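What follows is one structure encoded as structure tokens, with my remarks underneath.
Numbering starts at 1 and runs along the sequence shown. If you're wondering where the values come from, they're calculated on a predicted model, not measured in any experiment. When reading the values below, keep in mind they use all heavy atoms of this one structure, side chains included, and skip hydrogens, waters and symmetry mates.
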Amino acid sequence: MLGYWKESLERPHKVLFLKYEDLKEDIVGNLKKVAEFVGLPFSEEEEEGGVIEEIAKMCSLKTLKDLEVNKSGKIPLTIEFEKRTFFRKGEVGDWVNHLTPSMVDRLNSIMQEKISPFGLQFKTR
């Protein structure tokens, strides 16, 4: 991850680095950023017509969770997983609810030590 972050700083025209929390904070702005990055920016008419908001709605976690293809069935890996297990709440920082407090502290310490010196930070609470 750190390698991609560094490349995105050195070659922003080649590597786009998006964090989930940034996407959740400004979905429209980040969809515009992605469209520009791939060379297909939204037209003024599309922006005024609500195309970006419609894309955001279609790609929302709620919409994806509600698709029948994602509600049922299993994925045949070494251990079978129900498709619905791939969707959690979609809330920034919810990962701390799946770890013990000591695990959260340890992970925060590792992130502070390993990635913060390079300007990469994540919201943890």
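The closest side-chain heavy-atom distance from Met111 to Asn108 is below 4.5 Å. In this structure, the side chains of Phe37 and Leu18 stay at 4.5 Å or more apart for every pair of heavy atoms.
The side-chain contact (heavy atoms from CB on, under 4.5 Å) check on Thr100 picks up Ser102, Met103, with sequence neighbours excluded. Considering only residues two or more places apart in sequence or on other chains, Glu25 meets the side chain to side chain donor-acceptor pair (under 3.5 Å) condition with Lys123. Residues that satisfy the side-chain contact (heavy atoms from CB on, under 4.5 Å) test with Leu40, not counting sequence neighbours, are Val38. In this structure Phe17 satisfies the side-chain contact (heavy atoms from CB on, under 4.5 Å) test together with Met1, Tyr4, Trp5, Ser8, Lys19, Leu120, sequence neighbours excluded. Annotation: salt bridge (Lys or Arg N to Asp or Glu O under 4.0 Å) contacts of Glu53 (sequence neighbours excluded): none. Here Glu45 pairs with Ser43 under the side chain to side chain donor-acceptor pair (under 3.5 Å) rule; sequence neighbours left out.
When the side chains of ILVMFWY residues are joined at heavy-atom separations under 4.5 Å, either directly or via intervening members, Leu23 and Val51 end up in a single hydrophobic cluster. No chain of hydrophobic side-chain contacts below 4.5 Å, direct or via other Ile, Leu, Val, Met, Phe, Trp or Tyr residues, connects Leu16 to Tyr20.
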Please table the atom pairs, donor to acceptor, closer than 3.5 Å between any side-chain atom in residues 28-35 and protein atoms at least two apart or in another chain.
unit_1: Asn30; atom_1: ND2; unit_2: Asp22; atom_2: O; d: 3.1
unit_1: Asn30; atom_1: ND2; unit_2: Asp26; atom_2: O; d: 2.9
unit_1: Lys32; atom_1: NZ; unit_2: Glu47; atom_2: OE1; d: 3.1

Less than 3.5 Å apart, which donor and acceptor atoms pair up between the side chains of residues 57-64 and the rest of the protein, not counting sequence neighbours?
unit_1: Ser60; atom_1: OG; unit_2: Lys57; atom_2: O; d: 2.9
unit_1: Ser60; atom_1: OG; unit_2: Thr63; atom_2: N; d: 3.1
unit_1: Ser60; atom_1: OG; unit_2: Thr63; atom_2: OG1; d: 3.0
unit_1: Lys62; atom_1: NZ; unit_2: Asp66; atom_2: OD2; d: 2.7
unit_1: Thr63; atom_1: OG1; unit_2: Lys57; atom_2: O; d: 2.8

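Residue Ser116 comes nearest to Gln121 through the heavy atom pair OG-CG, 4.1 Å, listed as atom of the first residue, atom of the second, then distance.
Applying the salt bridge (charged side-chain N to carboxylate O under 4.0 Å, His left out) test to every pair with at least one member in residues 1-12, sequence neighbours left out, gives these pairs: Glu7-Arg11.
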